[in-house]
Each structure stands twice: as structure tokens, then as C-alpha cells.
Enquirer: 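What follows is a single structure, and I will ask about it in a moment.
Order of listing sets the numbers, starting from 1, for every ligand and every atom in it.
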Amino acid sequence: MHFHVITLFPDMIESAMNTSIIGRAVGNGIVGLDTVNLKEFSQNSYGSVDDYTYGGGAGMLMQCEPVWQAYHAALERLSSPDKPPRVVYTTPQGSVFDEKIAADLATADDVIFLCGHYEGIDERVLEEIVTDNLSIGDYVLTGGELPSLVMMDAVSRLVPGVLNNKESAETESFNNGLLEYPQYTRPSEWNGKKVPPILLSGDHKKIDKWRMKESIKRTRERRSDLYRDWLAERGIY
Ligand code: ADE
């Protein structure tokens, strides 16, 4: 998996992607990362890449040419030059990113993220290059860097070798369409609260059953939408 990020703020991307578990994957080459600094493709002496919108209205728009040239700079560095890359534009107008989309992106060799700013990007260049319009939720952020980081994190952890066994065993919510059951560590009593005794019983069959029940209960209480899907998948409507 090789990520290419077209951005006005490459430091923000590099700093986050060089941290923690994803940082380890980037460090050992399982995940590749290139940033393309949009400012380098400014068409004027001020280094700006935005301009006023035709038709009036507040705010500035990112221009086609710097984006187009930055996209071609990213194409130069594809890990699989013969395969068309996925090109993700992070926008609140996109489909809402989820684990399924993450799994689909994780099958690509190269994913280019285009981070918008200001009021967005001239539609003409988006029509030329974007394969996926993706949002991380129904709220508006100041730029596309945080959404890109969110998506790269979720995709990276699905790339074989990024998580070690312990880490993958610890993060199973959504794998079977349910939220994860509650978990506890030492001490067995804290602040007057005891760990559910069944977890100390050593009876793994009973523990598995308890965990499944808790997963179902938690999903029903916290995410009725996921619970309904889970029931429907089992033919229970
Ligand atoms: N850019 C601004 N807000 C966004 C959001 N919610 N998702 C993706 N990209 C965005």
C-alpha cells in the first residue's frame, strides 16, 4: 500500500503518519507515504493556489492547474505505475467512509488523497482525476488533511503486517457487524467496582458466550442502526 497526499500542509500529514503503529508501518516500508506540496505548483509569484469563484459568493476556490500538476507529480511516484490509482477527494459531499470502504481501498496498490481547503476545488479538475468522493461524517472541517489521516489510519491497519497479533486481537469492533464487548484489566476491583466474575472463572466457553451477549446488548443500546443490519443479515427482521 502506497499513499500519496496532495496537500497545502505536508508537515501535518507526515507528523501524524510517522507516529505510533502507522509510523512503525511507514518506517519498515509496509506502508509507503509521499506528500505532494500544492504550493510548489502555484501559478504565481505569491505562491497562492486559490482564487475568487465565478458567479460571486464568499470564499476562495482552489484552482485547477496547481491540482492537476500536483496530481501528475503523484503519478510519477506510483508503486504500480501500470495500474490506475484510486484518487480520493475528501469532501463533506462524499459517501460516508466506513470499514467496508476502508477494506476496499486496502486492496489498492496506490491511493492518492486530495485535500481541499477554502471553499473547495474547481469542479473541472475534480471531474478529471477523482475516483472516490469520501466524507468522514456530517460536519464541516477546515481542510481535508484530518479526513485523509483518518482514512489512511483505518486503511493501513487492514494491510497485512501492519498490526501485530496482539494489536489485531484487540481491535475487533465491526468485524462481525457488532460493537466489541466491555473489557477489563487489573486490578479485579477498582473504586468498589468488581470485574464481572465470569471473566475470572477460566471457563472459556462461558466467557465467549458472555462476550457475545454483551456485544449484542451494547450494539442494540448504542448503535441501533448496526443492530438492525446485524439482525437482517441473520434473517431476523
Ligand atoms: N472536508 C471538510 N469537511 C470534511 C468531512 N466531513 N469529510 C471529509 N472531508 C471534509
Side-chain angles (χ1 to χ4, degrees), residues 1-20 22 26 31 33-42 48-71 73-75 85-108 110-159 173-174 222-223 225-226:
M1 167 55 63
H2 199 114
F3 296 120
H4 310 257
V5 187
I6 299 172
T7 171
L8 285 166
F9 302 102
D11 291 351
M12 184 174 173
I13 299 293
E14 277 156 23
S15 151
M17 290 294 285
N18 285 314
T19 301
S20 185
I22 309 301
V26 170
V31 169
L33 175 70
D34 274 314
T35 53
V36 181
N37 188 346
L38 257 176
K39 283 200 183 88
E40 288 174 14
F41 301 94
S42 164
S48 71
V49 296
D50 60 325
D51 209 333
Y52 295 100
T53 53
Y54 281 118
M60 308 284 276
L61 211 58
M62 281 160 75
Q63 295 168 291
C64 288
E65 192 59 23
V67 173
W68 180 244
Q69 289 190 12
Y71 166 69
L75 291 184
R86 298 284 284 271
V87 182
V88 174
Y89 176 44
T90 54
T91 166
Q93 298 178 12
S95 312
V96 178
F97 182 75
D98 63 9
E99 195 66 24
K100 225 178 171 168
I101 298 176
D104 182 39
L105 286 177
T107 64
D110 291 275
V111 182
I112 300 176
F113 285 92
L114 175 56
C115 304
H117 264 270
Y118 316 112
E119 285 301 300
I121 300 180
D122 188 309
E123 197 66 28
R124 293 168 295 181
V125 71
L126 296 176
E127 285 167 9
E128 288 295 317
I129 69 176
V130 171
T131 61
D132 301 81
N133 289 286
L134 295 177
S135 165
I136 60 163
D138 292 336
Y139 41 83
V140 181
L141 299 167
T142 56
E145 282 74 16
L146 288 172
S148 295
L149 287 167
V150 165
M151 294 184 216
M152 288 191 285
D153 189 296
V155 171
S156 296
R157 59 176 289 285
L158 301 177
V159 172
S173 286
F174 294 121
R222 297 188 182 182
R223 292 290 305 272
D225 55 330
L226 293 180

Enquirer: What do we get for Leu134 next to ligand 1 when only non-hydrogen atoms under 4.0 Å count, side chain, backbone, both or neither?
Expert: backbone
Enquirer: Sequence neighbours left out, what passes salt bridge (charged side-chain N to carboxylate O under 4.0 Å, His left out) with Asp225? Give chain and number order.
Expert: Arg223
Enquirer: Does Ile136, backbone or side chain, put an N or O under 3.5 Å from an N or O of ligand 1?
Expert: yes
Enquirer: What is the nearest protein non-hydrogen atom to atom 3 (N) of ligand 1, stated with its residue, atom name and distance?
Expert: Leu141 N, 3.0 Å
Enquirer: Mind listing the closest non-hydrogen atom pair of Ala70 and Leu38 along with its distance?
Expert: CB-CD2, 3.9 Å
Enquirer: Could you go through residues 134-143 and list every donor-acceptor pair under 3.5 Å that involves a side-chain atom there, pairing it with any protein atom two or more places apart or in another chain?
Expert:
| from | atom 1 | to | atom 2 | distance (Å) |
| --- | --- | --- | --- | --- |
| Ser135 | OG | Gly137 | N | 3.0 |
| Ser135 | OG | Gly137 | O | 3.0 |
| Tyr139 | OH | Ile136 | O | 3.0 |

Enquirer: Would you call Val111 and Met151 a side-chain contact if the rule is heavy atoms closer than 4.5 Å?
Expert: no
Enquirer: Counting heavy atoms only, which part of Thr91 comes closer than 4.0 Å to ligand 1: side chain, backbone, both or neither?
Expert: backbone
Enquirer: What protein heavy atom sits nearest atom 6 (N) of ligand 1, and how far away is it?
Expert: Tyr139 O, 2.8 Å
Enquirer: Could you check whether Lys100 pairs with Asp98 (Lys NZ or Arg NE/NH1/NH2 to Asp/Glu carboxylate O, under 4.0 Å)?
Expert: no
Enquirer: Can you tell me the protein heavy atom closest to atom 10 (C) of ligand 1 and the distance?
Expert: Pro92 CD, 3.5 Å
Enquirer: Any idea which heavy atoms bring Arg86 and Asp104 closest together, and the distance?
Expert: NH2-OD2, 2.9 Å
Enquirer: Given that the side chain starts at C-beta and the backbone is N, CA, C, O, which of these parts of Pro147 lies under 4.0 Å from ligand 1, counting heavy atoms, or is it both or neither?
Expert: side chain
Enquirer: Report, in ascending order of atom number, the atoms of ligand 1 lying under 4.0 Å from any heavy atom of Gly137.
Expert: 6 (N)
